[in-house]
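Below is one structure, written out as structure tokens, with a few remarks after it.
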Amino acid sequence: MRAVVQRADGARVEVAGETVGEFVGEGLCVLVGVTHDDSPAKAAQMARKLWTLRVLEGEKSCSDSGAPLLVISQFTLYGDPRKGRRPTWNAAAPGEVAEPLVDEVVAQLRGLGAEVHTGRFGASMRVSLTNSGPFTVLVEI
């Protein structure tokens, strides 16, 4: 499981012109990719890492500050552009595998006390955020 984590001062995701997830103020925008050997245990581990990752202002985590997270499924994190001009998606798990695992990351975060907003799995989404710092980090479990 792989996540691109961006410290943001507000983030929003829209589907067909409708806002489906949003937070205002400091928080994390998290793009989550799932591969074939990921599991609910890895989803729980990712949730704990995201909840306690000390990347907010003052080296705080979402668990320290109560900052929200916007979690969006992103199969392209497992794209491989090394050969040719078109990436392959072989390492990305199919939707029927990935969707429940992304949902599990969200459920685990909420179980830890996090305020979590989400995109819509499989939809064409427009994500906007104000990257604070800028600060972006890759997390792999």
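Just so it is clear, the values below take in all heavy atoms, side chains as well, and ignore hydrogens, waters and symmetry mates.
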Original post:
Can you get from Val97 to Met46 by hopping between Ile, Leu, Val, Met, Phe, Trp and Tyr side chains that sit under 4.5 Å apart?
Top reply: yes

**OP:** Find out whether Val32 and Leu77 are in side-chain contact, i.e. whether some heavy atom of one side chain is under 4.5 Å from a heavy atom of the other.
**Re:** no

**OP:** Of all the heavy-atom pairs spanning Pro40 and Glu104, show the shortest one and how long it is.
**Re:** O-CG, 4.2 Å

Subject >> Minimum heavy-atom distance Gly33-Asp38, with the two atoms named >> reply: O-OD2, 4.3 Å

Subject >> Arg110 (side chain) donor-acceptor with Val116 (main chain) under 3.5 angstrom >> reply: yes

Subject >> Student check: side-chain heavy atoms of Pro68 and His117 closer than 4.5 Å >> reply: yes

**OP:** Look up atom OG1 in Thr88 and atom NZ in Lys83, then write down how far apart they are to the nearest 0.5 Å.
**Re:** 9.0 Å

**OP:** To the nearest 0.5 Å, tell me how far Arg2 CZ sits from Thr76 OG1.
**Re:** 10.5 Å

Original post:
Quick one: do Trp51 and Val139 end up in the same hydrophobic cluster if we chain Ile, Leu, Val, Met, Phe, Trp and Tyr together by side-chain heavy atoms under 4.5 Å apart?
Top reply: yes

**OP:** State, with a plain yes or no, whether a side-chain heavy atom of Leu28 is found less than 4.5 Å away from one of Leu50.
**Re:** no

**OP:** State, to 0.1 Å, how close Ala47 and Gln108 come at their nearest heavy-atom pair, and which atoms those are.
**Re:** CB-CB, 3.4 Å

Original post:
Is there a side-chain contact between Lys49 and Met1 (heavy atoms, below 4.5 Å)?
Top reply: no

Original post:
Does some side-chain heavy atom of Leu101 sit less than 4.5 Å from a side-chain heavy atom of Lys42?
Top reply: no

**OP:** Supply the atom-to-atom distance Cys29 SG to Gln6 CD, rounded to the nearest 0.5 angstrom.
**Re:** 6.0 Å

Subject >> Any donor-acceptor pair under 3.5 Å from Ser132 side chain to Arg7 backbone >> reply: no

Subject >> Short side-chain donor-acceptor distance under 3.5 Å, Ser61 and Asp64 >> reply: yes

Subject >> Reported CD-to-CD1 distance for the pair Gln74 and Ile72, which is rounded to 0.5 angstrom >> reply: 7.5 Å

**OP:** Step through the shown structure and confirm whether more than 12 heavy atoms of other residues, nucleotides or ligands are within 6.0 Å of CZ on Arg54.
**Re:** yes

Subject >> salt bridge (charged side-chain N to carboxylate O under 4.0 Å, His left out) partners for Asp9, two or more places apart >> reply: none

Original post:
For the residue pair Pro100 and Gly95, what are the closest heavy atoms and their distance?
Top reply: CD-O, 4.0 Å

Original post:
Does Val106 share a hydrophobic cluster with Leu53, counting links as ILVMFWY side-chain heavy atoms below 4.5 Å and allowing steps through other members?
Top reply: yes

Original post:
Linking I/L/V/M/F/W/Y whenever any side-chain heavy atoms sit under 4.5 Å apart, do Met125 and Phe23 land together?
Top reply: yes

**OP:** Compare all side-chain heavy atoms of Glu22 with those of Leu70 and state whether any distance is below 4.5 angstrom.
**Re:** no

**OP:** Kindly give the heavy-atom pair with the smallest separation between Ala8 and Leu129, and that separation in Å.
**Re:** CB-CD1, 3.9 Å

Original post:
Roughly how far, to the nearest 0.5 Å, is the OG1 atom of Thr118 from the CG atom of Asp103?
Top reply: 8.0 Å

Original post:
So do Glu57 and Ser65 actually touch side chain to side chain, heavy atoms under 4.5 Å?
Top reply: no

**OP:** Measure the SG-CG distance between Cys62 and Leu112 for me, rounded to the nearest 0.5 Å.
**Re:** 11.0 Å

**OP:** Flag yes if Val34 and Val5 sit in one hydrophobic cluster, no otherwise; membership is Ile, Leu, Val, Met, Phe, Trp, Tyr, and two members link when side-chain heavy atoms are under 4.5 Å apart.
**Re:** yes

**OP:** Please tell me if the side chains of Asp80 and Asn90 come closer than 4.5 Å, counting only heavy atoms from C-beta onward.
**Re:** no

